[in-house]
Amino acid sequence: MNMDLRELYQEIIIDHNRNPRNHHAIDDATTQANGFNPLCGDKLTVYAKLEEGVVKDLSFVGCGCAISQASASLMTDALKGKTIEEAHAVFHRVHQMLTQDEENQLLAMDKLAVLAGVKAFPARVKCATLAWHTLEAALNKDAAIVKTE
Amino acid sequence: MNKDASLMTPLDLESIRKDFPILHQEVNGHPLVYFDNAATTQKPKAVIDAIQSYYEHDNANVHRGVHALSVRATELYEQARVKVRRFLNAPSVKECIFVRGTTEAINLVAHSYVAPIVNPGDEILITHMEHHANIVPWQMLCEKTGACLQVAPISAKGEVLLDDFEKKLSSKTKFVSICYASNALGTINPVKEMIDMAHAYGAKVLLDGAQATAHLPVDVVSLGCDFYAFSGHKMYGPTGIGVLWGREELLEEMLPYQGGGEMIYYVSFAKTEYAPVPQKFEAGTPNISGAIGLAAALDYLTTLDLHKIAHYEEYLLAYATEALIALPGFRIVGRAAFKVPVISFLHDTIHAHDIGTIIDAEGIAIRSGHHCAMPLMDFYGVAATSRMSLSFYNTTEEVDCCIRALNKVNEVFA
């Protein structure tokens, strides 16, 4: 297996795909949004419980490729308990990491840095960003379906 | 299924592969294995040379000039039309219209033939396995005219059930549009029977030949259809060119599709008269080099002999199907008795996109997605499948390579 592929499908990604964290609905969510990638059929719903500016609970439900599921799982893990502002900031950093060339985006990203491997596979970037775009929509209380096309 | 290709003088695979320059490259450090032919096919040198030669020696606008280059360009373009007529066994060249591709052909028929003859409550019948190009134009038409879209069901094996198809026909059915072969499943439909059934109810029929034309000999007279559409780039020709064949008596009565130059006989602000068929449907400067490239592709296929091609591809399909069935975790979607060499498959736990990316690292090109057939994916309860679509320039060694790579997919996710 070549280096790029090894980085893309490294253990953390495989693990988060096999055992996705926070993979359930939230009955008393204060906001949610749907995301859909028409290119490959990745679908997910992000649920968030926002209280006093904090993301008290964050989860997702969905089906799709390993990258989209792992990315959603990593996202819910990373952002649960953060403030809404922090969540927006992390979204922007992840988006930049996946779409731009800046190496230093990886700093202070912890586990999320594993997603950087997706950059070597431009056709898969939208799989990785789907959950994040959907979260942004939920946070912005935009209930329309988010599309990454 | 017949696995013994030596029954006929076999195709000379080594010589054929030399005809296709693009096949000889490495992808990610491995020899390219191109298994995405249903999306688009590769082009033989003869097609590339014909297009290049046209631009180097004969390029001019057609039909309008009296100068030498224009005469040569027009001859080449109209010669291409003659070759299309021969290839389809059409009664007349006038019935062969050059369009951009199958999608444009279907839109043309929807606009120019079907729209004027349907009333609210009339029905248009398609099947559950159609490509979006043979769904969306009819949905748009139904919305505009108040007609109703009917969908003939398919079996779990991916076959049209003739009894169920007939049940969907009625005196309200004005038009039937069906694929000759499915791009997602490979199924070859029993189109002759379906056409006869439709005609019995007074409906005309269009055959979407986009997938079939590269793999089966086509005879529009024997098939009995009223319209036949295919795309150049799906049968070893360039993109941007396709053909709509239609019965002369229908084409004569039809409204033009696009207006402009070439499709007119006479223009004045008081009145404009349209040109006769086929020019009536070829507004603007056509894709001249495209038509010439298409003609070269038809010549190439005719030289190889489509019967030999079909025979070899049947063997290759059987070989690949058997190998895939034996792989743990994988299963095939669409097990029709008669297929073109297309295999859609799924893994029990691994998504099509992940499969595609992992084997791309081994130089293997397959397609992962909905294949422009979302209703068909819904029928199988999946968002996407992986699809291997083969051609006469693919080999059993390449299939072996693909199977080894699919085994690796299991290892990555183990």
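Below, chain A is the first sequence line, B the second, and so on; all start at residue 1.
Taking each heavy atom of A:G41 and B:A383 in turn, the nearest pair found is O-CB, 3.4 Å. Considering all non-hydrogen atoms of both residues, B:H351 and A:A66 come closest at CB-N, 4.5 Å. In plain terms, the two heavy atoms of B:V412 and A:I14 that are nearest each other are O-CD1, 3.6 Å.
With a threshold of 4.5 angstrom between heavy atoms, A:L8 approaches chain B through side-chain atoms but not through N, CA, C or O. Residue contact with chain B, scored on non-hydrogen atoms closer than 4.5 Å, involves the backbone and the side chain of A:I67 alike. For B:A352, no part lies under 4.5 angstrom from a heavy atom of chain A. With a 4.5 Å cut-off on non-hydrogen atoms, A:D4 does not touch chain B at all. Contacts between B:A414 and chain A at a heavy-atom distance below 4.5 Å involve the backbone alone (N, CA, C, O). In this structure, no portion of B:M377 lies under 4.5 Å from any heavy atom of chain A.
The structure places NE2 of B:H353 at 7.0 Å from CG of A:N37, a figure rounded to the nearest 0.5 Å. Remark: A:F121 CZ to B:D360 CG distance equals 7.5 Å, nearest 0.5 Å.
For A:E11, the CD atom sits in a loose shell: 12 or fewer heavy atoms of surrounding residues, nucleotides or ligands are nearer than 6.0 Å. Heavy-atom neighbours of B:R387 CZ from other residues, nucleotides or ligands within 6.0 Å: above the threshold of 12. Within 6.0 Å of CZ on B:R17 lie more than 12 heavy atoms contributed by other residues, nucleotides or ligands. The number of heavy atoms from other shown groups lying within 6.0 Å of CD (B:E26) is above 12.
Among the candidates B:G369, B:A361, B:G356, B:S368, the residue making the largest number of heavy-atom pairs closer than 4.5 Å to chain A is B:A361.
A heavy-atom distance below 4.5 Å is found between the side chains of A:R124 and B:D354. Counting heavy atoms from C-beta on, the side chains of B:T349 and A:R18 never come closer than 4.5 Å.
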